[in-house]
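Small disclaimer: the values here were computed from a predicted structure and weren't measured.
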Amino acid sequence: MGFFNFGLQVVVVVLISYCSFVSFVVYGNKIRRNVIPSTLDGPFEPRTVPFDVSLRGNAVDLPDADPRVRRRVKGFQPEQISLSLSATYDSVWISWITGEFQMSNHNKNITPLDPKSVASVVRYGTLRNPLNHEAKGYSLVYSQLYPFEGLQNYTSGIIHHARLTGLKPDKLYYYRCGDPSIGALSDVYSFKTMPISSPKSYPKRIAIMGDLGLTYNTSTTISHVISNKPQLALLVGDVAYANLYLTNGTGCDCYSCSFPNSPIHETYQPRWDYWGRFMQPLVSKVPLMVVEGNHEIEKQVGNQTFVAYSSRFAFPAKESGSSSTFYYSFNAGGIHFVMLGAYIAYHKSSDQYRWLERDLANVDRFVTPWLVAVWHPPWYSSYNAHYREAECMMAAMEELLYSYAVDIVFNGHLVSLHKISKLVLYLMLLRSFTFLNFYLLTDHDQVHAYERSNRVYNYTLDPCGPVHIVVGDGGNREKMAVGHADEPGNCPDPATTPDEHIGGFCALNFTTGPAAGQFCWDRQPDYSAFRESSFGHGILEVKNRTWALWTWHRNQDSRSTVGDQIYIVRQPDKCPVRYKQTERWFASI
């Protein structure tokens, strides 16, 4: 609990409604409340930390020559090794790449590497030697093709995915991956499986990151994450930012600002390989669960999108009953995570919505008490840079998530639109203009910051609503968000904030509450408990079935500084859910 270690200390436990507990520390004849607040103390008065201009807000990408992104293996030795979870503790995915990527001009054919030429094998066990178990996986190669004069095409190395099964919970395993028949095996790595799904078992620490990129700020963030020794990591979209580059490797902070005449939104796919190499020291040991962001769209020939994202990562889609890499679920001890897609249909008749209904109905809250939802664009953000852009997704899904008592929502940041022509607006109103064309024709910039909400539902403070946390501040090269929609002159024109996926407008003026009749609040909204413009990451530590500690670490002068900390407390007895509660569970920390 972080009690001070001086003077006489006596912990007084005060029983309040339904067996909830509040802790105090007695100092002589004075009683002081524990210094870390909890959501039981809320809702909190909105707080804004002023932007510190001394912070390193202008991130710079790591160059191609940085040794952390250079290829360090030869031939078909494995590289870019990473872990991801399956749906349950007894299975994990191992992914890696063999062979080199290829680039060529648009009018020259590339002969891709043959995925069948290199086997996908993982040897693993509970001892470093011998590794007496073996799993075989599958492999693939993808291409990013642009049929335009002067643009370069890309073909990946061989991407391998192998699933390990029959694992024991909360156990250390060692592994090597590659093709033993040609002597191309990796070094020995290790990972620890998730605890068994139970209200008493949780990963010790879960790192939450968003909008990571590959900058010097990214390097600081990942260094801090590693020092916090997480057992699991989540990346809430926007990964490598390869789409801030032309195919010749020329980069920028704002693509449409720098390259307004580009025939298509180009990408420089080697940035994905650089990112995979840079991240290997972390993700070869700690499972990384990813959900797509707008920077993963990467439109190419044939209107294909999200090809790199869907090819490079392994997802427990099939294991969780999903038919898509855009949405899936998994358990980590007593937590059930639901990863949702904002860039695939989410309306109530969509495959995703029907899958979500089935998935939530199958969650046993007496086995996995905590329910956490993750997607990229935030519903509750007061920054003007992405204000109310995901309103259509919110209108479609918020009631369903609320009815199943989702505890926490994690988001990153979405694209901010500054200019939109009347023609584009008219076409969108007719729903005859696709999202991707809209994305490519509008001037956009993406900005990043941190924000935590009070418990909220339908823009109203609600003790049964989830806590929404925006962590779009992992370190990418786009500038930091510092403007708020509630500040004079910052409220966006509603016409510039349409939903970006399926078109149409869902964000209208508020009809009730302090902002009734307006599109923006005239002060920091009641739902916004804390906001700050700084790069960083978060750590979630679930203590038991009702208490979890959330800590946001900001990259302050290259040090990991605690910027925000709170206990998030579930109150299942007080909050309605669709399933019938037959037992009261409320525990103190």
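A donor and an acceptor atom, one from each side chain of Arg531 and Thr48, are located under 3.5 Å apart. Using modelled atom types, one finds no donor on one side chain facing an acceptor on the other under 3.5 Å when comparing Ser156 with Gln269. When only modelled atom types and interatomic distance are considered, Thr218 and Thr215 share a side-chain donor-acceptor pair under 3.5 Å. Using modelled atom types and a 3.5 Å distance limit, the side chains of Thr267 and Tyr146 yield a donor-acceptor pair. For the residue pair Asn248 and Gln152, no side-chain donor N or O sits within less than 3.5 Å of a side-chain acceptor on the partner. Side-chain atoms of Glu451 and Ser382 include a donor-acceptor pair closer than 3.5 Å. No donor-acceptor contact under 3.5 angstrom links the side chains of Tyr343 and Thr305, judged on distance only. Counted by atom type alone, Tyr274 and Asp61 present zero donor-acceptor pairs between their side chains at under 3.5 Å.
The two residues Glu298 and Ala308 make their nearest non-hydrogen contact at OE1-CB, 3.4 Å. Taking both residues in full, the closest heavy atoms of Val122 and Cys177 are given as CG2-CB, 4.0 Å, listed atom of the first, atom of the second, then distance. In this structure, Tyr175 and Ile81 approach most closely via the heavy-atom pair OH-CG2, 3.4 Å. The shortest heavy-atom contact between Ile335 and Ile206 is CD1-CD1, 3.7 Å.
The residue from Arg71, Arg271, Arg70 that alone fulfils the salt bridge (charged side-chain N to carboxylate O under 4.0 Å, His left out) condition with Asp64 is Arg271.
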Begin with the C-alpha distance, continue with both residues' side-chain angles, and end with the deciding distance and a verdict on side chain to side chain donor-acceptor pair (under 3.5 Å) for Ser120 and His160. CA-CA 6 Å; Ser120 306; His160 304 261; 2.6 Å; yes
Working for side chain to side chain donor-acceptor pair (under 3.5 Å), residues Glu319 and Trp93: CA-CA 12 Å; Glu319 301 102 277; Trp93 286 92; 2.9 Å; yes
In sequence, state the C-alpha distance, the side-chain angles, and the governing distance for Arg72 and Glu79, and then conclude on salt bridge (charged side-chain N to carboxylate O under 4.0 Å, His left out). CA-CA 8 Å; Arg72 297 184 294 273; Glu79 64 159 351; over 6 Å; no
Step by step, would you call Tyr328 with Phe337 a ring-ring contact (aromatic ring centres under 6.0 Å, His included)? CA-CA 9 Å; Tyr328 59 91; Phe337 286 94; over 10 Å; no
Checking Tyr216 against Phe535 for the ring-ring contact (aromatic ring centres under 6.0 Å, His included) test, could you report, in this order, the C-alpha distance in whole Å, the side-chain angles of both residues, the deciding distance, and whether it holds? CA-CA 11 Å; Tyr216 290 99; Phe535 290 117; over 10 Å; no
Apply side chain to side chain donor-acceptor pair (under 3.5 Å) to residues Thr155 and Ser143 and explain how you reach the verdict. CA-CA 4 Å; Thr155 297; Ser143 295; 3.0 Å; yes
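The closest side-chain heavy-atom distance from Phe326 to Gln352 is not below 4.5 Å. With contacts defined as side-chain heavy-atom distances shorter than 4.5 Å, the pair Trp375/Val409 qualifies. Contact of the Arg312 side chain with the Val239 side chain is not registered, since no non-hydrogen atoms from C-beta on lie closer than 4.5 Å. Inter-residue side-chain proximity for Val141 and Gln102 is flagged as unmet; no heavy-atom pair is nearer than 4.5 Å. Leu164 is not listed as a side-chain neighbour of Tyr173, based on a closest heavy-atom distance of 4.5 Å or more. For the pair Asp170 and Lys192, the minimum side-chain heavy-atom distance is below 4.5 Å. The side-chain heavy atoms of Glu541 and Tyr202, taken from C-beta on, include no pair separated by under 4.5 Å. Between Ile297 and Asn243 there is no side-chain heavy-atom pair separated by less than 4.5 Å.
Between the CZ atom of Phe191 and the CG atom of Leu83 there is a distance of 6.5 Å, given to the nearest 0.5 Å. Here the CD atom belonging to Gln280 is positioned 10.0 Å from the NZ atom belonging to Lys285, to the nearest 0.5 angstrom. Separating the NE2 atom in His161 from the OG atom in Ser82 is a distance of 8.0 Å, to the nearest 0.5 Å. Atom OG1 of Thr221 is separated from atom CE of Met209 by 9.0 Å, given to the nearest 0.5 angstrom. Asn217 CG to Leu212 CG: the interatomic distance, rounded to the nearest 0.5 Å, is 10.5 Å. A distance of 12.0 Å separates OH of Tyr154 from CG of Leu145, quoted to the nearest 0.5 Å.
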